[in-house]
Structures are given as C-alpha cells and as structure tokens.
Amino acid sequence: MITELDHIAIAVPDLDRAIARFMKDFGIEFSGTEDAIGQKTTTAFFPIKGTQIELVHPMNGEGAIAKYLEKKPSGGLHHLCFKTDDILADVAMLKEKGYVFLSDAPSPGAHNCQVIFIHPKSCDGVLIELSQPAH
C-alpha cells in the first residue's frame with residue numbers, strides 16, 4: 001500500500017550549483033549525495049518536514065536523466081515518488097488497473113530501496129516512482 005510522498009525529484013544540469021542554491025539561497029538542510037548506479041544518477045538529498053527534495057544528475061552523461069536534460073537543458077521537475085510497504089503488490093494492483101511501467105520489475109535505487117517507475121502516459125504526463133525501503 002502506498003503510505004506517503006517520499007520525495008520530489010528535480011533534474012539538474014549542474015549538481016554543485018543546484019546544491020549550493022538549495023543550501024545557501026533557500027537555507028535548506030543538505031544531507032548528502034548518493035550514486036544510484038542502476039539508475040545512472042547522482043542524487044543530492046534535502047529533507048523537508050514530511051518528505052524530501054532530491055536533485056538528480058546523470059552519471060557520466062548517461063541514463064534517463066541525461067535524456068531528460070537533452071530535452072530540457074535547464075532541468076526541471078522530473079518525478080514524484082511514493083513510498084510503499086509492498087511494492088510487488090502495488091505493482092500488480094496498478095497493472096490490473098491498466099498502468100504501464102517503464103520496467104518489468106523493481107530494481108535497486110538510492111538508500112537500498114527497491115524502485116519502479118510508472119510511465120507518464122499512465123499518470124496524466126507525470127512520471128511516478130514507487131519506492132520500498134529495505135527491511
């Protein structure tokens with residue numbers, strides 16, 4: 001079952017500049033970065049009460065974020081992520097309702113979570129990620 005909004009992800013062309021903006025200009029606490037090898041991204045984390053902002057940047061100019069930035073060079077809102085306590089059950093339930101996913105099964109994401117993305121065409125143009133924390 002989906003339990004909460006986990007994060008809002010923003011694709012950024014310059015990760016260091018974006019980190020500095022959120023820290024210095026907006027005064028938001030920075031909790032570090034992590035490479036999500038499977039997603040080919042480096043992610044910076046900014047916890048905000050009840051959720052977090054994640055800045056996502058392509059690793060080595062590869063992956064979905066690199067393709068996104070080719071279309072939108074200045075970056076922008078990339079996806080919303082919902083936390084789930086049973087990703088496989090939620091995927092099965094959503095597939096029954098006609099949702100299309102970008103992959104066949106969840107894969108490793110940041111913080112050792114299992115993640116899967118719902119195609120934006122299934123969600124009014126919004127890319128949705130489901131994420132289940134490691135137990």
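By convention here, the first residue in the shown sequence is residue 1.
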Exercise: identify the closest heavy-atom pair between [X] and [Y]:
X: G98; Y: S122; value: O-OG, 4.4 Å
X: P58; Y: L69; value: CD-CD1, 3.6 Å
X: C113; Y: P133; value: SG-CA, 3.6 Å
X: C81; Y: S131; value: SG-CB, 3.5 Å

Close side-chain approach of I65 to H78, heavy-atom, < 4.5 Å
yes

Answer yes or no: is there a side-chain heavy-atom contact under 4.5 Å between F22 and I10?
yes

Are there over 12 heavy-atom neighbours, none belonging to D25, within less than 6.0 Å of that residue's CG?
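Result for CG/D25: enclosed.
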
Could you list all the side-chain hydrogen bond (donor to acceptor under 3.5 Å, both in side chains) pairs where at least one residue sits in residues 107-117, not counting sequence neighbours?
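Non-adjacent pairs meeting side-chain hydrogen bond (donor to acceptor under 3.5 Å, both in side chains): E34-H111, Q39-S107.
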
Can you pull out every side-chain hydrogen bond (donor to acceptor under 3.5 Å, both in side chains) where at least one residue sits in residues 59-76? Sequence neighbours excluded, please.
Y68-K72

Apply side chain to side chain contact (heavy atoms under 4.5 Å, CB included) to T33 and list each qualifying residue two or more places apart in sequence or on a separate chain.
I19, F30, T42, A44

Per the salt bridge (Lys or Arg N to Asp or Glu O under 4.0 Å) rule, what does the pair list look like for residues 76-91, sequence neighbours excluded?
E4-K83, D6-K83

Donor-acceptor contact below 3.5 Å, side chain H7 vs main chain Q52:
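The answer is no, because no donor-acceptor pair under 3.5 Å joins these two groups.
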
Rounding to 0.5 Å, atoms CD1 (I53) and OG (S31) come to a distance of 11.0 Å

Hydrophobic cluster of Y99, others only, ordered by chain and residue number, side-chain cut-off 4.5 Å:
I2, L5, I8, L77, L80, F82, I87, L88, V91, M93, L94, F101, I116, I118, V126, I128, L130

For I37, which fellow cluster members are found when Ile, Leu, Val, Met, Phe, Trp and Tyr are connected by side-chain heavy-atom distances below 4.5 angstrom, either directly or through intermediates?
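M59, which link up through side-chain heavy atoms under 4.5 Å apart, make up the rest of the cluster.
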
